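Just so you know, these numbers come straight off a predicted model, no measurement behind them. We name chains A, B, ... by the order of the sequence lines, and we start the count at 1 in each one. Excluded from the calculations below are hydrogen atoms, water molecules and symmetry mates; all remaining heavy atoms, backbone and side chain alike, are included.
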Amino acid sequence: MPELRLFNTLTRGKEAFEPLDSDHIRVYACGPTVYNYAHIGNARMAVVFDLLASLLRKLYPKVTYASNITDVDDKIIAAAQETGEPIDTITEKYSRIYNEDMGALGVEPPDIQPRATQHIGDMIALIEKLVEAGHAYEAEGHVLFNVPSFPAYGGLSGRSRDDQIAGARVEVAPYKKDPADFVLWKPSTEDQPGWDSPWGRGRPGWHIECSAMAEVHLGLPFDIHGGGADLKFPHHENEIAQSCCAHGAEDDLAAFAKFWVHNGFVTVQGEKMSKSLGNITLVHDLIDQFPGEALRLTLLSAHYRQPLDWSVEAIEQSKSMLDRLYSILHNAGEVGEDTEVPDEILDALCDDLNTPKAMAELNSLAKALAEAESPIVKKELTNKLLAAGRLIGILNHAPSEWLGYGSGGEDLEIDALLAERKQAREDKDFARSDEIRDELLEKGIAIEDTPDGTKWRRTG
RNA sequence: GGCGCGGUGGCAGAGUGGCUAUGCAGCGGAUUGCAAAUCCGUGUACGCCGGUUCGACUCCGGCCCGUGCCUCCA
């Protein structure tokens, strides 16, 4: 079994992954706040951690992958006020759509998908611990985490206290003891969602939910915590502060999660795709225009820590590659059965999820399959290719279905034109034959003349 | 300003101290009535300037350029 190596943000280096308990791997990734459609940048995180989870399942007997849904947040409140829809309606709708859209990208649902609103009690308990331990204080209905009480603060994102102050341009709320202090609990007005707490009716700050849910569902410490690179600071830094301090581990940043894995951004013409820049592309729209596998492959075409520039050309390139792979599978003919994933591909993925390398190996496997003569070899290579595809989350369609091959009898008009063309070719009336071919092409039907007769398939 | 990341052939994108990445596109060929599909062949790329070295795209230093976090953000 190959050794998995992962880049750990906490140590800023690639390390051998050593499970806390090799019988049970526990992974947590920060999921979406549900008040809107997910864009392709959000999807990158889902696809990357989906792949990591499948890889871990290949290597270890049991994996629990948890990824949350944030369903209480000021942005959701704002969306409710804007649209006039109740908060529950909004969060229900967009979490459902999120799961559907990710499903279209071949993302398996996480084993656990906890919701913030179902863990308010856990959050309150955690906050109480922090107050008791002297790491948090109440001020004007808020409860704040006192950053100076945690000298190790900043260890994940690599910034010192001095950096913080130098860079602090944000207005500091007057009730904060220290400018870096962040909110654990805040008061709610009558028209805002709220829960009773020792500090009055209110709602949680953003960071506390992940600390609470990861602990409840996975136990501490757990193996891998992940998310997008922009969550390193402040979100993940604050999670570490809360969780380590609540458990008396003020000097051990790894007491919460051992490995921190962050995926890079999706960019558009070199700039980060973000809601504030307004350059977002919604997954919901993309899946109407392109096959999910092509979108997934595009997301995996760059290494997960590198920026990935999103463009229609990039999707079409992935689509072309898949067309070729499916075409090779189609020509090979044999239907696959379960086989082990080839070592070259497993090795590539075990090297910090080197998907571009894995794709190169996949292509070389496909090339070998295309060249293979013997039925036994063909079958073996087909099975390997499909096993690798399943791990990566592609090649899940029947080749003829993907390529759009049609058979006789499903469209009378096409059958008639094909028959007429056949006759024309027999009569050496190639002008008419080519005319029919163009006519069919306009209808989105491409013709392939083979020694076994004419085949057709739907294009686009 | 502080802290990071990156600059690879037409495009996308890995990687390595000396040996073909891979894909997409292009070009040439086989095949085809012509095509399509498929197959074969084809491209001495590594931001700039120094240094280390027998040898650097790969290590070190400087510079230029791009980009990210520092504020909600995957």
Side-chain angles (χ1 to χ4, degrees), chain A residues 9 12 29-33 36 38-49 67 73-75 78 154 157-160 162-171 180 206 226-235 237 262-267 269-277 280 297-298 300-303 305-309 311 313-325 327-328 330-331 348 351 354-364 366-367 370-371 403 405 424-426 428-431 433-434 437-438 441 446-451 454-457 459:
Chain A
T9 308
R12 244 151 286 218
C30 292
T33 302
N36 213 324
H39 60 72
I40 195 69
N42 299 310
R44 190 177 190 189
M45 165 262 149
V47 167
V48 165
F49 287 94
S67 186
D73 182 279
D74 288 1
K75 291 191 291 292
S157 54
R159 57 195 79 214
S160 68
D162 297 341
D163 297 339
Q164 311 280 346
I165 293 160
R169 289 186 208 142
V170 233
E171 232 177 281
W206 174 35
D230 47 1
L231 296 183
K232 277 185 226 174
F233 186 90
H235 186 55
E237 201 72 78
H262 292 97
N263 63 278
F265 300 123
V266 173
T267 59
Q269 290 170 358
E271 275 191 318
K272 181 184 174 186
M273 182 183 284
S274 71
K275 286 166 191 164
S276 41
L277 285 172
I280 59 171
L297 184 56
T298 307
L300 295 174
S301 65
H303 181 86
R305 280 189 286 117
Q306 295 302 126
L308 173 72
D309 207 56
S311 65
E313 291 73 31
I315 307 167
E316 281 169 350
Q317 189 173 307
S318 299
K319 168 77 164 52
S320 297
M321 183 175 146
L322 285 168
D323 285 348
R324 179 170 154 275
L325 292 173
S327 176
I328 288 170
H330 187 260
N331 292 341
D351 181 15
N354 191 338
T355 49
K357 180 85 182 337
M359 292 320 302
E361 298 295 346
L362 197 76
N363 280 313
S364 112
K367 189 182 161 83
E371 286 169 357
L403 297 167
Y405 282 111
R425 292 181 77 212
E426 278 168 11
K428 306 277 184 209
D429 182 1
F430 296 121
S433 160
D434 292 351
R437 184 169 66 205
D438 292 344
L441 204 55
I447 298 265
E448 291 175 21
D449 292 326
T450 74
T454 298
K455 292 194 295 186
W456 62 271
R457 60 190 178 85
T459 58

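- In this structure, the side chain of A/Ser433 does not engage the main chain of A/Asp429 through any donor-acceptor pair within 3.5 Å.
- Between the CG atom of A/Asp309 and the C1' atom of B/C24 there is a distance of 16 Å, rounded to whole Å.
- With sequence neighbours excluded, no residue forms a ring-ring contact (aromatic ring centres under 6.0 Å, His included) with A/Phe430.
- For B/C65 and B/G23, the C1' atoms lie 28 Å apart once the distance is rounded to whole Å.
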Trace of the side chain to side chain contact (heavy atoms under 4.5 Å, CB included) decision for A/Ile280 with A/Ile40: CA-CA 8 Å; A/Ile280 59 171; A/Ile40 195 69; over 6 Å; no
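- For the P atom pair drawn from B/C48 and B/A37, the interatomic distance equals 38 Å after rounding to whole Å.
- With C1' as the reference atom, B/A35 and B/U42 are 23 Å apart, rounded to whole Å.
- Side-chain proximity of A/Arg159 to B/G23, B/G15, B/G2: nearest is B/G2.
- Along RNA chain B, the nucleotide nearest to A/Gly31 and the one nearest to A/Arg12 differ in position, and the one closer to the 5' end is contacted by A/Arg12.
- Taking the C1' atoms as reference points, B/A21 lies 27 Å from B/C60, given to the whole Å.
- A/Ser433 contributes a side-chain N or O that forms a donor-acceptor pair with the base of B/G33 under 3.5 Å.
- Between the CG atom of A/Asp230 and the C1' atom of B/C72 there is a distance of 10 Å, given to the nearest Å.
- Remark: A/Lys272 pairs with A/Asp230 by the side chain to side chain donor-acceptor pair (under 3.5 Å) rule, at least two apart or across chains.
- Not counting sequence neighbours, A/Lys275 has no partner by the salt bridge (Lys or Arg N to Asp or Glu O under 4.0 Å) test.
- Separation of the C1' atoms belonging to B/A74 and B/G15 is 27 Å when rounded to the nearest angstrom.
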Where protein sits on nucleotides 34-40 of chain B, one letter per nucleotide: B base, S sugar-phosphate only, - none, heavy atoms under 4.0 Å: BBBSSSS
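- Put simply, OG on A/Ser301 and CD on A/Gln306 are 11.5 Å apart, with the number rounded to the nearest 0.5 Å.
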Give me, pair by pair, the N or O atoms of the protein and of nucleotides 19-22 of chain B that are less than 3.5 Å apart, along with how far apart they are.
{"residue": "B/U22", "atom": "O2'", "partner": "A/Asn363", "partner atom": "ND2", "Å": "3.0"}

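- Applying the ring-ring contact (aromatic ring centres under 6.0 Å, His included) criterion to A/His303, with sequence neighbours excluded, gives no partner residue.
- Side chain A/Lys272 to base B/C73: a donor-acceptor pair is found below 3.5 Å.
- With both ends at atom C1', the span from B/U44 to B/G9 equals 10 Å, rounded to whole Å.
- Side-chain atoms of A/Glu237 come within 3.5 Å of backbone atoms of A/Gly154 as a donor-acceptor pair (strictly under, hydrogens ignored).
- A/Leu277 places its CG atom 11 Å from the P atom of B/U67, with the value rounded to the nearest Å.
- In this structure, A/Val48 reaches neither bases nor backbone, as no heavy-atom distance under 4.0 Å exists between it and the strands shown.
- If you find the closest nucleotide of RNA chain B to A/Lys232 and to A/His303, the one lying nearer the 5' end belongs to A/Lys232.
- Within 4.0 Å (heavy atoms only), A/Gly41 reaches at least one base atom of the nucleic acid.
- Rounded to whole angstrom, the span from the NZ atom of A/Lys75 across to the C1' atom of B/U71 amounts to 11 Å.
- Distance from the side chain of A/Phe233 is smallest to B/C70 among B/A74, B/C72, B/C70.
- Partners of A/Trp206 according to the ring-ring contact (aromatic ring centres under 6.0 Å, His included) rule, which considers only residues two or more places apart in sequence or in another chain, are A/His235.
- Between B/C46 and B/G7, the two C1' atoms lie 10 Å apart (nearest whole Å).
- Panel note: side chain A/Asn263, backbone A/Arg305; no donor-acceptor pair is recorded below 3.5 Å.
- With sequence neighbours left out, the side chain to side chain contact (heavy atoms under 4.5 Å, CB included) criterion links A/Gln269 to no other residue.
- Distance from the side chain of A/Ala302 is smallest to B/G13 among B/C72, B/G13, B/G33.
- For the salt bridge (Lys or Arg N to Asp or Glu O under 4.0 Å) test, residues two or more places apart in sequence or in another chain that qualify with A/Glu371 are A/Lys367.
- Take A/Ala29 and apply the side chain to side chain contact (heavy atoms under 4.5 Å, CB included) test, not counting sequence neighbours, and it matches A/Met45, A/Phe49, A/Tyr65, A/Ser67.
- The separation between A/Lys275 atom NZ and B/C72 atom C1' is 9 Å, rounded to whole Å.
- In this structure A/Arg44 satisfies the salt bridge (Lys or Arg N to Asp or Glu O under 4.0 Å) test with no other residue, sequence neighbours excluded.
- Atom CD of A/Glu313 is separated from atom C1' of B/G10 by 13 Å (rounded to the nearest Å).
- Base-pairing analysis of RNA chain B finds the following stems of at least three consecutive Watson-Crick or G-U pairs, with both pairing distances under 3.5 Å: B:1-7 with B:64-70, B:10-12 with B:22-24, B:26-30 with B:38-42, B:47-51 with B:59-63.
- If you take atom C1' in B/U20 and the same atom in B/G61, they sit 33 Å apart, rounded to whole Å.
- One can place CE of A/Met321 at 14 Å from P of B/G13, the figure rounded to the nearest angstrom.
- When heavy atoms are screened at a 4.0 angstrom cut-off, A/Asn42 is found touching base atoms of the nucleic acid.
- Going from atom CD of A/Gln317 over to atom C1' of B/G26 covers 14 Å, rounded to whole Å.
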